[in-house]
Amino acid sequence: MEEWPGNIPSVASFVTTYACTAECPNCAFGCSPHESSVNRIPREDLLKYTAELAGLGTIELVTFTGGEPFLLEKDLVDATTVAAEQGVNVRCVTNGYWAKNLPEARRRLRELEEAGLTGLNLSTGDYHQQSVPLERVVYAVEAAVELNIKTVVAVERHRGADFTQEDFLKLPAIEELRNDDSGNPAPEVVGDAWASVNPWLSEEEKHVKEDLLTEDDLSELSGCSSVLESVSITPDLELAMCCGITAGCIPEMAVGNLRDERFASLYQRGLYDLVKIWLNVEGPAKILDWAENKDPSIDWQGRFAHPCELCRFLYYDPGVQQVLTEHYAEKKADILLRFCTLHSEESMPLQPEP
């Protein structure tokens, strides 16, 4: 494959399947046990596009998510091998249902670790625990740490939660792992506001009040490192220009289908979009703040706790869209210059569309 210009994208995410062992009411993709096992990226395509994207020369991380990627069994192991052979890091995002006990957790992860898995993301909380017992997540964490796999646990964060990030950190097994001095990477535990929200509707009343974003948070918020820097492929082989979390509810993030067009041309099409470039450079909060200065009726502050929610609002709110359409030229030159500085001139389209 010819050398890819510039230094983006750096992350390729495969939404391997919509089938899942859990049925969380807040799932970004509506995944559940009722989804057919055939509603997945076919094995041949999974291996083909894993090899193609991992071999671009810019990809640093390949992520397999879902749904539940562990349902792919050997296909997941083989795809991990294909990615690792290109010298990239490989991560799986899972609910941990497969870790029925510690020996079984070790067996499943050892196979993947030998194939090249370097990272594991697990989810738990009030919703996930309705389908996946907490002890399975703990077994998965223990096995991952033993195998020197970098592990992150996302605990649903919402108002009135019965089980919190702090509760997970207090579990004896987790405390022991985090205080261990063996040199293995300690598990990281984060509170995840997005994991507690149905992405198809605005449910700000469910957020912890302290998480709600306002103009006071702008200094701590940077550009979105997902838009353009990440790409995601759905089970239907649609290509989206972000990590994939909001691909289902922001149609503008999708640029086409890999069955119809080559990856290179689809990705270049995404680069001809000033809003995506702007999101990458400044992030949705700063764009919304700028738009609010043009039109004070734009109501975004104190409603959302996650940048993905802000991004969805940016695309769906008529007032925001009108401001962007009428005033984008005021920001265009500055945004393009900053994007070129971040990602090199070679990756910059000459005239992105508004």
Side-chain angles (χ1 to χ4, degrees), residues 11-50 53 62-80 82-83 90-99 108 112 120-125 127-132 136-137 140 154 156 192 194-201 203 226 230-260 263 266 306 308-309 311-312:
V11 178
S13 179
F14 291 83
V15 184
T16 57
T17 177
Y18 290 138
C20 188
T21 58
E23 191 169 14
C24 301
N26 58 318
C27 179
F29 300 107
C31 303
S32 78
H34 307 297
E35 283 288 339
S36 170
S37 60
V38 300
N39 195 357
R40 50 156 289 182
I41 301 177
R43 172 184 168 84
E44 181 179 349
D45 290 324
L46 179 63
L47 301 183
K48 172 185 175 181
Y49 292 114
T50 296
L53 269 65
V62 168
T63 297
F64 298 112
T65 181
E68 178 49 60
F70 274 67
L71 290 172
L72 273 61
E73 300 283 349
K74 186 177 185 300
D75 290 353
L76 178 62
V77 177
D78 291 345
T80 298
V82 168
V90 186
R91 177 174 63 194
C92 284
V93 181
T94 174
N95 63 34
Y97 81 96
W98 39 270
R108 294 296 299 268
L112 282 163
L120 187 73
N121 281 30
L122 292 144
S123 303
T124 191
Y127 297 128
H128 279 84
Q129 288 174 24
Q130 294 174 22
S131 303
V132 181
R136 298 196 182 190
V137 176
E156 299 157 8
D192 190 348
W194 178 255
S196 301
V197 178
N198 183 326
W200 304 101
L201 301 170
E203 298 188 41
S226 288
S230 296
V231 292
S232 59
I233 297 175
T234 73
D236 302 317
L237 297 186
E238 287 288 326
L239 181 71
M241 304 295 284
C242 70
C243 64
I245 293 178
T246 59
C249 53
I250 303 179
E252 292 82 355
M253 284 297 168
V255 291
N257 196 289
L258 289 166
R259 290 192 179 97
D260 305 321
F263 171 80
L266 290 174
H306 194 283
C308 287
E309 295 178 280
C311 190
R312 181 188 56 198

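The model shown is predicted, which means the values in this text are computed figures rather than measured ones.
Inter-residue side-chain proximity for Leu72 and Leu46 is flagged as met; some heavy-atom pair is nearer than 4.5 Å. No side-chain heavy atom of Val132 sits less than 4.5 Å from a side-chain heavy atom of Thr124. Two residues are said to be in side-chain contact when any heavy atoms from C-beta on lie closer than 4.5 Å; Thr65 and Ser13 meet this criterion. Side-chain contact between Ser123 and Asn95 is absent, with no heavy-atom pair separated by less than 4.5 Å. The side-chain heavy atoms of Tyr97 and Phe70, taken from C-beta on, include a pair separated by under 4.5 Å. Tyr49 is listed as a side-chain neighbour of Leu237, based on a closest heavy-atom distance under 4.5 Å. At least one side-chain heavy atom of Phe64 sits less than 4.5 Å from a side-chain heavy atom of Thr50. In this structure, the side chains of Leu266 and Val231 stay at 4.5 Å or more apart for every pair of heavy atoms.
Looking at Arg259, its side chain does come within 3.5 Å of a backbone N or O of Asp236 through a donor-acceptor pair. Side-chain atoms of Ser232 come within 3.5 Å of backbone atoms of Cys242 as a donor-acceptor pair (strictly under, hydrogens ignored). The backbone N or O of Ala19 lies less than 3.5 Å from no partner atom in the side chain of Asn39, so there is not a single donor-acceptor pair. In this structure a side-chain-to-backbone donor-acceptor pair under 3.5 Å is missing from Glu238 to Ala254.
For Pro42 against Pro235, the heavy-atom pair with the smallest separation is CD-O, 4.5 Å.
We find that Arg108 and Glu73 are joined by a salt bridge, their nearest charged nitrogen and carboxylate oxygen being less than 4.0 Å apart.
Between the side chains of Thr17 and Glu68, no donor N or O sits under 3.5 Å from an acceptor N or O.
Between Leu53 atom CG and Leu258 atom CG the span is 8.0 Å, to the nearest 0.5 Å.
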